Each structure stands twice: as structure tokens, then as C-alpha cells.
**Student:** 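For reference, the structure I am asking about is given below.
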Amino acid sequence: MAFWKPGTIAPGTSLDRETEKETNEALVTFVDRGTSLSIQQQRKRLPIYKSRDQILYLIEKYQTTIIVGHTGCGKTTQIPQYLNEAGWAANGYVVACTQPRRVAATTVADRVATEMNVKLGEEVGYSIRFEECYSPTKTRIKYMTDGMLFRETFTDPLLTQYSVIMIDEAHERSLYTDVLLGILKKILKKRPELRIIVSSATLDAEAFYEYFNTNTTNDSEKDNASIISLEGKMFPVDIHYSKTPCSDYVEASIQTVFDIHVQQPFGDILVFLTGRDEIDFAVGEISERATTLPRSAMKILPLPIYAGLQLEQQLQIFEPAPYNTRKVIVATNIAEASITLEGIVYVIDCGFVKLRAHNPKTGMESLVVTPISKASAQQRAGRAGRVGTGKTYRLYTEDSFYKLNDASIPEIQRSNLAQVVLHLKALGIDNVLRFDFLTPPPAELMIRSLELLYSLKALDDHGRLTMPLGMQLAEFPVDPMLGKILLDSYKFQCGEEMLSIAAMLSVQDVFIIPSNSEIDVDEEKRKFTVEEGDHITLLNVFNAFITRGKKSARWCHEHCLNFRTLSRALSIRQHLKKYLDRFEVPIESCGNDTVKIRKCLISGYFSQAAKMMPDGSFRTVRDNVILYVHPSSVLFTRNASWVIFHEVVETTKAFMRDLTVIDPSWLAELAPHFYEFKKSEK
DNA sequence: GAGCACTGC
């Protein structure tokens, strides 16, 4: 076991995820055993090696194999190599392994290339958005995000180049994982030689098995799916429950931090809370109360981590703490799977998470603090058992733990499904309501999406994809409403502007949230602000970044802009432009003609229009739903009688985000079909 | 008149 010496950089510490950790752990083991062992000998010492032959046998025999394995068993790095060694990647075939996150795909590929002693991008490669690193002829093992494999079904609906497809981390049930599982189940019928591996942490394994095993007879010889469990390497974690339910979990978590600090031996603490507000408050309180600790006591260093933080602040959590200081990392769910921290011995779990929900009746998204699932609670607890025996303090009673759902509601059951529906239609799956999902989304979600797509003219009266509009929207890697404004932009000579706006709408957190109040973000924001609203303000920010800002991090910092976010917007813009070029949509610039830009926005967002009431609130034109301007909008402090909006987020109220002022007559001019359609409905 | 869980193409 590797010991970490205070004052040195902890081994394997990085902004990474579970599977990367898996490789790091393997790496640490190798180093410990000395340099005398070859990589091949080292691979044989991994726990999974004992199951190698059995895994290969099951894959040979069954079309689908469900692999249940904890972190650290080596499944992600080893199974594709076993398959390659067994000849599954011969004759030009490729073994694919999907990951829900980008970093995982790249780092695992890198590790496997090292183990195989090949150059990354040749025999072993990866494919993520904006970054393809593989050879169409040489690559045998390809790691990729699940979203990328999903995309590949457009060009090759039967995924014919792959002999085996491993869907890793399937228990996370990402939107793309679920859609892929459905598509793969269909492909299996047409390609009996194809093999699927579904790898999952624990609880859902049986559900995957039931889904893929289509044998309805009692004869198990006819099964076409099987399950295998692998042993992992985790240290035991003691679980402590609250004796009574707590009314204020933020306060309870702060208390628990100090209880641990005073009573328990050295070791860092990880606290799970639900959002930025709670985290900032807790970090502040811990700092303050720490001043009352006796001078002789060990010091305490609280640090926040959530996605909205700037990179430099995020990296602070990986810095070793000063001598005689205990780190307390206060995190959102980002620390549950996306980021792995070394040195955590104690976990405090508040039992809640903030989740997005989608209301199909209103089309509104909401962010709601929800109780976590048992699977989540176990995952959080496991974070304490990485370096040695750990302890987890659950701020809820044992009774309430047993009442939690086994797993959280899959993303596909609480998302806007317009893109999924379009994609399935593009694959020739006409009756999407009957599509065999692992867990079908509610019918209302599907119907709402179908209505939207019909109003955008992506579907015809028979629910079939229109040509070329529907097919192009299906291929476009953006929300269909956004896709529509891009495809229509030539009519308003504003393709250049729309590409920038669409890219900016695809990213979040453009403006920085400063940790201190020295810099006035609002003041900086005003420099870009225009009275027409947020879309054109975003366009100004993007243009300034490219021209005056020369794409520099320093310029961004001076103007309270998030450099990472803007760079990402630039990549997305280039990506979207490639699609417009391929669709042969002429791209012009309208200069400063904001009327053209705003009219173009209406061509996609006509259904999301709202009118101001005398009290300052808004009513949607479509359903007369009450909405408010989000405080992040430049229109929050201004008056506008008619607006269109990008999205609605329901927190304390239903807020519209990203608004643009319009003239109501444009609605009738640009979307007569929709407003007449609404009238006839009434 | 006051707010931003996390991914991904």
C-alpha cells in the first residue's frame, strides 16, 4: 500500500473519475512491486485476472454479458485487452468501450496504450467530441464517450466495425447509455455475431440481465445473456447513522465536521451538500468556528468544490494541506463520481442531491433538492474507503436509509427527449412510443417532444421525419430549436451571428462568480449589455473574446469572464459550422442588424414567447403560464413587454433564462402555422 | 426585485 507523506503530492491525485483512478491504483501497485516485474506480469496480478478465462468464455457463449465489478478491479482497462488477445479485434474488427465522461475515455485509453506498449492513437485510441485520436485502419481497441458511439449510429446504423461493445458505468444510466442500450438490443437481432458487455456497479445488474435475456423458455441453455461478479479492492467503511432525523443538514454537517476533528485521528473529511449556497455557507462557518479551537489543536482547512468554480479554485482541493492541518472538502455531487480525491477517511453525507426534473405539461425544467438513492449513499460512503478503513456519517436515520429508492430515476425519464426522438426516427424507428427502453420514459415526455418537432416541421402529419429539415435537425448536435435557427439563418443573412449565439447558449457560467467582492461582475457585465436582451449580449461577449480579447485567459480574467467556458464555446462554434457547411447553408453576417438576429431567433423559439403583465411578471403566449425574468438576465433590471426565451428553470419561482425582446407582430409573421394551430386547437 | 446539481454530442 502506498502511504502519503504530508507535504508531498498525494499519489494519483488528479481531476479525474473512478475509472481513471482504477488505472492509477494499478500503477501504484506496479511501482510498489518494484521495477523487476514486466507490465504483463503486473497485469496478471490484478484481481480480475483470475476471472479472465471465465469472462472470455461467457462472451463467446452469450450475446450479452453483464459484468458486476467494483472500482479497482481493472475491468475497464483489462477486459478490452483480453478481448484483443483472444482475437476479437482481428480481421479489421474493433473492440469499443464507452464511458459517460470525456476524461475517463482519454485517460483509460492512455493507460491501456502504455500497458500494450503501443502509441496512443494507433492500436489503442479514443474518440470524444472535438478530439479524435485513433486510426481507422490500425485501431483495435477504442475508448469513447457514450455520446460519440450514439453519433456513430448515424453513419453506420449496425455499428458493423465493432465485434464487441462494452458499455461501462452503465449503472449511472446516462441519457446516452440508455438510448444506446435500446439501440444495441435491436442491433443484436440483426448481428448475431456481435457481443455486448454491460458493466455496472451493483444494484441494476439484474435489470440489465432481464432486459437482454430474451429467452422466454425454462431451458437456461437457450439464455442469451449472463452475469458475472468480480471481486474488488475496497477497504471496509463504518457507517454511522443519525439517531434522530435532523432538521437542518447544513448545520448538522458543520457540527459533525467538528466532532470528527476533535475526536477522530488524522484524515481528511469529505462533506456532501447539494449546492453552491450551502457549500459557501458551510465553508464560511467552518472557518469561523475553527478560530475557537484551542491553539494546540490540529488546524482545519475547509475547501469548496462544485462545477461552477473556476479551475484554479477547483485545483486547490488537490493541494496537500499544510502541516498538522486537516482538509475538509465540501462538495456537490461532483465528488460522487466525477472527481476522485485521495486521503479521504471520513465522509459526511447529508442524504440529498439537487436533481433536474422536466415537467412535460409545461416544458419547464426544475432543480429540486431530492433524497438520494441507496446506490448513491453507498457510492458516497465508498469515498471513505479508498486509502484504508474509513468512516461515513449519514445525517439521516437508518430507518430512512432503508426507505430510499434503490437507484435514482434514470435521466431518460426526466429529460427533454426531442433530440432522442429525432435520432430514433432518423434510425428508422417510427413508433418511438413503442421503443423497447430499459425503463420507458413517461408517455407525456415523448408526446411533448413529438408536438414540438411537429411544430418545427421536423415531422410531417404522419410523424415521419421531413426531408431535409428533419434529418438535418436529427444530425445536428444541438437542441432542435437551436438547430432550426441555425438552418434558417441564411434567410436572415445572420449565419455568423447565429453560430456564435448557439455556441454560447450551449455553455453555462459565462460570467465568473468571484469568491471575494472586490470585483464588480455586474459592472463588467454592463459593458457587453444591450437592451435587446441576453442573446445579443452573449454575442457581444463572444465577439469581444475573439477580437479585443484575442482569446486570452488574462483578458477574460480582467472582464470577469470564464476563459474555459469561452474556449469551449469557440470549439462548439467550429463544430456547428462544420455541420452548416455540410448542409450547404450559406453563412453570412448581418453586421449590427439586431432585427435580423431577433427574427431568426423566433424561427426556432416561437413557441417560447411571453408577454409582460402590469405587475412585471410574464405569461407565456402558448399556455398562459406565469414566468419571471431570471436574475442573471440583462432584462432583469429592464422593462420589456414581449420576449422569447431559451429555457425555463424552476427554483424558487419559474424563471426564464436567456431572453430577447421581440415585436409581437413578428410571431404572426414568422410562425403563422404555430399560432393558427394553437387557435384551431382552442 | 434576487440566483446558478452534473454530464454529453
Side-chain angles (χ1 to χ4, degrees), chain A residues 17 98-105 127-132 144-154 169 172-180 272-280 305-309 331-339 350 352-357 365-370 372 376 408 410-412 414-415 419-420 422-423 473-480 482-483 502-503 506-513 521-522 562 565 568 571-572 575-576 578-579 615-617 628-633 635-639 647 649-658:
Chain A
R17 55 162 290 96
T98 70
Q99 296 293 322
R101 277 169 292 271
R102 295 160 53 91
V103 262
S127 171
I128 60 176
R129 192 186 190 185
F130 311 131
E131 232 181 293
E132 301 208 316
M144 59 213 297
T145 46
D146 47 16
M148 279 306 271
L149 186 62
F150 175 71
R151 284 273 139 199
E152 279 189 16
T153 57
F154 267 121
E169 314 287 341
E172 289 190 25
R173 304 292 303 273
S174 84
L175 184 62
Y176 292 126
T177 291
D178 270 31
V179 179
L180 269 176
F272 284 100
L273 293 177
T274 71
R276 184 193 160 220
D277 264 3
E278 289 172 7
I279 290 171
D280 288 347
I305 181 79
Y306 44 86
L309 275 183
T332 58
N333 228 29
I334 195 169
E336 198 181 290
S338 302
I339 287 178
C350 75
F352 290 91
V353 63
K354 213 176 267 188
L355 274 188
R356 181 179 54 203
E365 311 250 275
S366 48
L367 275 174
V368 191
V369 174
T370 321
I372 57 170
S376 243
S408 25
E411 214 182 339
I412 200 161
R414 49 187 172 86
S415 307
Q419 276 181 281
V420 170
L422 267 182
H423 193 108
L473 286 178
E475 278 190 62
F476 231 149
V478 285
D479 175 271
L482 217 47
S506 308
V507 297
Q508 288 135 33
D509 306 313
V510 171
F511 287 92
I512 282 163
I513 312 152
V521 183
D522 291 338
N562 193 331
T565 302
R568 199 178 136 69
S571 301
I572 293 176
H575 195 211
L576 296 179
K578 278 189 200 152
Y579 279 87
D615 66 352
S617 69
Y628 296 87
V629 179
H630 196 280
S632 66
S633 170
L635 294 182
F636 186 67
T637 50
R638 290 172 169 77
N639 272 329
E647 62 182 356
V649 171
E650 203 173 356
T651 48
T652 52
K653 279 180 189 168
F655 289 107
M656 297 177 281
R657 269 211 293 227
D658 297 314

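Only this structure's heavy atoms are used, side chains among them; waters, hydrogens and symmetry mates stay out. This is a predicted model, so every value here is computed, not measured.
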**Student:** A:I572 CD1 to B:dG8 C1': how many Å, rounded?
**Tutor:** 10 Å
**Student:** Starting at OG1 of A:T565, measure out to CG of A:D509 and round the result to the nearest 0.5 Å.
**Tutor:** 6.0 Å
**Student:** Roughly, in whole Å, what's the span from CD in A:E650 to P in B:dG3?
**Tutor:** 13 Å
**Student:** Please report, rounded to the nearest Å, how far the P atom of B:dA5 is from the CG atom of A:L175.
**Tutor:** 21 Å
**Student:** At under 4.0 Å, does any side-chain N or O of A:K653 touch on OP1 or OP2 of B:dA2?
**Tutor:** yes
**Student:** Take the protein atom CZ of A:R414 and the nucleotide atom C1' of B:dC6, then report the distance between them rounded to whole Å.
**Tutor:** 9 Å
**Student:** Rounded to whole Å, how long is the line connecting atom CZ of A:R356 with atom C1' of B:dG8?
**Tutor:** 10 Å
**Student:** Within the pair A:T332 and B:dC6, is there a side-chain N or O less than 4.0 Å away from OP1 or OP2?
**Tutor:** yes
**Student:** Taking atom C1' of B:dC4 as reference, at what distance in whole Å does atom CG of A:D658 sit?
**Tutor:** 12 Å
**Student:** Not counting sequence neighbours, which residues clear side-chain hydrogen bond (donor to acceptor under 3.5 Å, both in side chains) with A:R657? List them please.
**Tutor:** A:E647
**Student:** By side-chain contact (heavy atoms from CB on, under 4.5 Å), which residues pair with A:A335, not counting sequence neighbours?
**Tutor:** A:L270, A:F272, A:A331
**Student:** May I ask you to test the A:R129-A:T145 pair for a side-chain heavy-atom distance under 4.5 Å?
**Tutor:** no
**Student:** Measure the distance from OH on A:Y306 to C1' on B:dC4 and round it to the nearest whole Å.
**Tutor:** 10 Å
**Student:** Please confirm whether the shortest side-chain N or O distance from A:R102 to OP1 or OP2 of B:dC9 is below 4.0 Å.
**Tutor:** yes
**Student:** Could you check B:dC6 for me: syn (within 90° of 0) or anti?
**Tutor:** anti
**Student:** Quick one: is A:S506 getting a side-chain N or O under 4.0 Å of the B:dC9 phosphate, OP1 or OP2?
**Tutor:** no
**Student:** To the nearest Å, give me how far apart CZ (A:F655) and P (B:dC4) are.
**Tutor:** 7 Å
